[in-house]
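By convention in this document, chain letters (A, B, ...) are assigned in the order of the sequence lines, proteins followed by strands, and residues within each chain are numbered from 1.
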Number of protein chains: 2
Amino acid sequence: MFSKACEYGIRAAIYIAHQSKLQVRVGLKDISREIDSPEAFTAKILQQLVKHDIITSVKGPAGGFEMNRESIDQINLYHIVCAIDGDQILQGCALGLKECNPQHPCPVHHPFKVIRDQLKIMLETSSIVGLASEIKSGLSHLKLNPINDTPI
Amino acid sequence: MFSKACEYGIRAAIYIAHQSKLQVRVGLKDISREIDSPEAFTAKILQQLVKHDIITSVKGPAGGFEMNRESIDQINLYHIVCAIDGDQILQGCALGLKECNPQHPCPVHHPFKVIRDQLKIMLETSSIVGLASEIKSGLSHLKLNPINDTPI
DNA sequence: CCCATTTCGGACACTTTTGTCTTTTATAGC
DNA sequence: GCTATAAAAGACAAAAGTGTCCGAAATGGG
């Protein structure tokens, strides 16, 4: 569905939002440990999120990543996915045809449009802070406790 | 959404079904020309479809690919997608977590399940012959006429 | 049997994605 | 200003996906 980069990006964004709501700025090491992702690769993805103004970064001692208070509630899954994978999941012909539009559709055009429209709505209505709050309340997790396999 | 291989595979299957309904066996050259795909790569994908018993092949002069009369009406998009891409679009955690299930879900588990269930139903209810018949009736196309950009 | 045709199978090459490493740049504390 | 710290940037490496090529195997027609 999503690229690995996008998977890591979503997990990182949720974790950063989670900590930012607690007024905590988090570093790369923290993030990659807490979302169980390769550190250097995660750094590249975080750079993309910074460039797309989804998160902000601060260099130097006590630096790290955070989401500022104004925009944090506006960010949703659609923003992250577009920033990293682009919208080729939602855009373009599902069969890769050059010419495919409602007038001259490919055979799967219409059924796919229904699914994609629903997917887009779901991504747009899934706010990152909302997903982060599920973590806090223990309803969901990004990484299980390796000792007893329960949410941390 | 799908890999290139899967896109070509679906297009090829629809074209083969279309011709098989007319009792016509088609060769690789025909197929790759009519669905506008790289010939050698398409050959590999057709081999996969043969191995998964979705199409049959005949070697030698007047050989080619076809769908036999018993199974042709049973084949749907889900069969093709699983044969080529596997079911990782529908299976496995959307965020790539090792541990993700209804008891210990990732943050996007439940909203994604809804979308995936609908996607699966759509794939299962899209029969290849149904899609092929749309081509015949001119409702959809796999390749536009390069001369006047209308369905062939 | 012989030959032309067509799929099958394996090896190879190119591109993109994934992932790592090293150097540079910015910043906070002294 | 100096130093330690942490992100940014770029080069590099490994893996997967995409695509090509060529010989082998099968088959139908003379």
Just how far, in rounded Å, is [atom2] of [N] from [atom1] of [X]?
X     : N      : atom1 : atom2 : value
B/E66 : C/dT7  : CD    : C1'   : 13 Å
A/I45 : C/dT20 : CD1   : P     : 11 Å
A/I84 : C/dT16 : CD1   : C1'   : 17 Å
A/E7  : C/dT17 : CD    : P     : 15 Å
A/E39 : C/dC21 : CD    : C1'   : 12 Å
B/F41 : C/dT7  : CZ    : C1'   : 17 Å
A/R11 : C/dT18 : CZ    : P     : 13 Å
B/L49 : C/dC8  : CG    : P     : 11 Å

| said: Set out, in order, the CA-CA distance, both residues' side-chain angles and the distance that settles salt bridge (charged side-chain N to carboxylate O under 4.0 Å, His left out) for A/K21 and A/D73, then state yes or no. | reply: CA-CA 10 Å; A/K21 275 289 180 186; A/D73 294 305; 3.4 Å; yes
| query | Yes or no on ring pair (Phe, Tyr, Trp, His ring centres under 6.0 Å) for A/F2 and B/F112, after CA distance, side-chain angles and deciding distance? | reply | CA-CA 12 Å; A/F2 300 131; B/F112 261 83; 5.6 Å; yes
| message | So, does A/Y8 get its side chain near the phosphate of C/dT18, meaning an N or O under 4.0 Å from OP1 or OP2? | response | no
| query | At under 4.0 Å, does any side-chain N or O of B/Q47 touch on OP1 or OP2 of C/dT7? | reply | no
| What parts of residues 13-24 of chain B reach DNA chain D, counting only heavy atoms under 4.0 Å away? | none
| Side-chain heavy atoms under 4.5 angstrom apart, residues restricted to Ile, Leu, Val, Met, Phe, Trp, Tyr: same cluster for A/V114 and A/I89? | no
| field | Co-membership, hydrophobic cluster, residues A/M1 and A/I121, 4.5 Å side-chain | value | no
| task | Could you go through the side chain to side chain donor-acceptor pair (under 3.5 Å) check for B/S37 and B/S32 one step at a time? | result | CA-CA 5 Å; B/S37 66; B/S32 63; 5.1 Å; no
| A/T125 side, atom OG1; A/L77 side, atom CG - distance, nearest 0.5 Å | 8.5 Å
| task | Could you give me the CA-CA distance, side-chain angles and deciding distance for B/K120 and B/E124, then say whether side chain to side chain contact (heavy atoms under 4.5 Å, CB included) is met? | result | CA-CA 6 Å; B/K120 186 170 188 221; B/E124 286 176 337; 3.3 Å; yes
| Does A/A5 or B/S57 map to a spot on DNA chain C nearer the 5' end, using the closest nucleotide for each? | B/S57
| task | Please determine, by modelled atom types, if B/S126 and B/N76 share a side-chain donor-acceptor pair under 3.5 angstrom. | result | no
| Out of A/L49, A/I54, A/V50, which one pairs with A/H52 under the side-chain contact (heavy atoms from CB on, under 4.5 Å) rule? | A/I54
| B/E66 pairs by side-chain contact (heavy atoms from CB on, under 4.5 Å) with which of B/V58, B/V26, B/I55? | B/V58
| said: Could you go through B/D36 and A/K98, starting from their C-alpha distance and side-chain angles, then the distance that decides it, and tell me whether this counts as salt bridge (charged side-chain N to carboxylate O under 4.0 Å, His left out)? | reply: CA-CA 10 Å; B/D36 194 24; A/K98 292 172 210 127; 2.7 Å; yes
| note | Span of DNA chain D engaged by chain B, first through last nucleotide within the 4.0 Å heavy-atom cut-off, is D/dT18 to D/dG28
Heteroatom pairs (N/O) under 3.5 angstrom, protein to nucleotides 1-6 of chain C:
from, atom 1, to, atom 2, distance (Å)
C/dT6, O4', B/G60, O, 3.0
C/dT6, O2, B/G60, N, 3.3

